[in-house]
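Numbering starts at 1 and runs along the sequence shown. This structure is a prediction, so every number in the text was calculated from the model and none was measured. What you see below is based on every heavy atom in this structure, not just the backbone, and it leaves out hydrogens, waters and symmetry mates.
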Amino acid sequence: MLLLIIWALTIPPKQHDHMKQVLLKIGLELLDETKSVLVERIKIIVIGIIQHAEEWPKHKISVYLSKQLNHNYTYLANQFKEVTGTTIQHYILIQKIEKVKELILYNEINLNEI
């Protein structure tokens, strides 16, 4: 599912609900809750890091996320856990596994190279 993030958009509730329904019909999701938007931003950063592993941050991922999102990592981790039910570290691990599966599937690396 694609995500549509609208920052600071104020519309009447009736139009808001209609917009949500229309977007869902075409495969988009309107994120209007601050926590959900923050979690999606975390996910986007993590996926970007995993997809471009040659540019892995020089700092710990917690420090990197904190700097990128201007929030304390504990706050980010708590929000992520509350919204997703899992930890950021677990999400990172899942993304790494998916990346390795993709590399193997497309014969970019073999099991020995892992």
Side-chain angles (χ1 to χ4, degrees):
M1 172 161 308
L2 295 173
L3 299 170
L4 177 62
I5 301 174
I6 300 176
W7 301 97
L9 177 64
T10 305
I11 58 174
K14 188 174 181 180
Q15 285 181 320
H16 182 270
D17 293 340
H18 179 69
M19 183 188 307
K20 261 186 155 172
Q21 294 304 316
V22 169
L23 290 171
L24 282 173
K25 286 180 183 176
I26 60 172
L28 297 173
E29 181 180 356
L30 176 63
L31 294 180
D32 53 0
E33 191 177 318
T34 304
K35 290 178 187 178
S36 296
V37 171
L38 181 61
V39 167
E40 289 305 317
R41 290 181 68 203
I42 293 169
K43 289 179 177 182
I44 289 167
I45 291 170
V46 168
I47 290 170
I49 291 169
I50 302 300
Q51 291 300 319
H52 306 290
E54 65 276 357
E55 299 171 19
W56 195 261
K58 295 179 188 338
H59 306 290
K60 289 183 179 181
I61 193 78
S62 58
V63 173
Y64 184 76
L65 284 171
S66 292
K67 285 183 179 182
Q68 291 294 309
L69 299 171
N70 286 330
H71 286 290
N72 176 289
Y73 182 75
T74 302
Y75 174 78
L76 295 173
N78 289 338
Q79 298 301 307
F80 193 90
K81 175 81 173 183
E82 186 177 321
V83 171
T84 66
T86 189
T87 65
I88 293 174
Q89 293 304 321
H90 187 251
Y91 182 76
I92 291 169
L93 180 61
I94 290 169
Q95 294 306 311
K96 286 179 178 180
I97 290 168
E98 291 301 315
K99 178 65 176 181
V100 168
K101 286 170 35 180
E102 178 184 311
L103 292 171
I104 290 171
L105 181 65
Y106 294 110
N107 294 319
E108 293 183 34
I109 62 171
N110 60 44
L111 291 176
N112 291 332
E113 292 173 312
I114 296 173

Path from Val63 to Ile61 over hydrophobic side-chain contacts below 4.5 Å: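 In one cluster with Val63: Ile61, no.
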
How far does [atom1] of [X] sit from [atom2] of [Y], to the nearest 0.5 angstrom?
X	Y	atom1	atom2	answer
Ile47	His52	CD1	NE2	10.5 Å
Leu93	Lys96	CG	NZ	7.5 Å
Ser62	Lys67	OG	NZ	10.5 Å
Leu23	His18	CG	NE2	9.5 Å

With a 4.5 Å limit on heavy-atom distance, are the side chains of [X] and [Y] in contact?
X	Y	value
Ile42	Gln68	no
Ile45	Leu69	yes
Tyr91	Thr84	no

Contacts of type ring pair (Phe, Tyr, Trp, His ring centres under 6.0 Å), residue Tyr64, not counting sequence neighbours: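 Checked Tyr64 against ring pair (Phe, Tyr, Trp, His ring centres under 6.0 Å); zero matches.
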
With sequence neighbours left out, what residues match [X] under side chain to side chain donor-acceptor pair (under 3.5 Å)?
X	result
Gln21	none
Lys43	none
His71	none

Working for side chain to side chain contact (heavy atoms under 4.5 Å, CB included), residues Phe80 and Thr86: CA-CA 7 Å; Phe80 193 90; Thr86 189; 3.9 Å; yes

Where do [X] and [Y] come nearest, in terms of heavy atoms and distance?
X	Y	answer
Gln79	Val39	O-CG2, 3.8 Å
Ile88	Ala77	CD1-CA, 3.8 Å
Ser66	Tyr73	OG-N, 3.1 Å
Ile50	Gln95	CG2-O, 3.6 Å

Other ILVMFWY residues reachable from Tyr106 by side-chain steps of under 4.5 Å: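 For the cluster that includes Tyr106, the remaining residues are Leu105.
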
Pairing residues for Lys101 by the side-chain contact (heavy atoms from CB on, under 4.5 Å) criterion, not counting sequence neighbours: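 Partners of Lys101 under the side-chain contact (heavy atoms from CB on, under 4.5 Å) test: Ile97, Glu98.
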
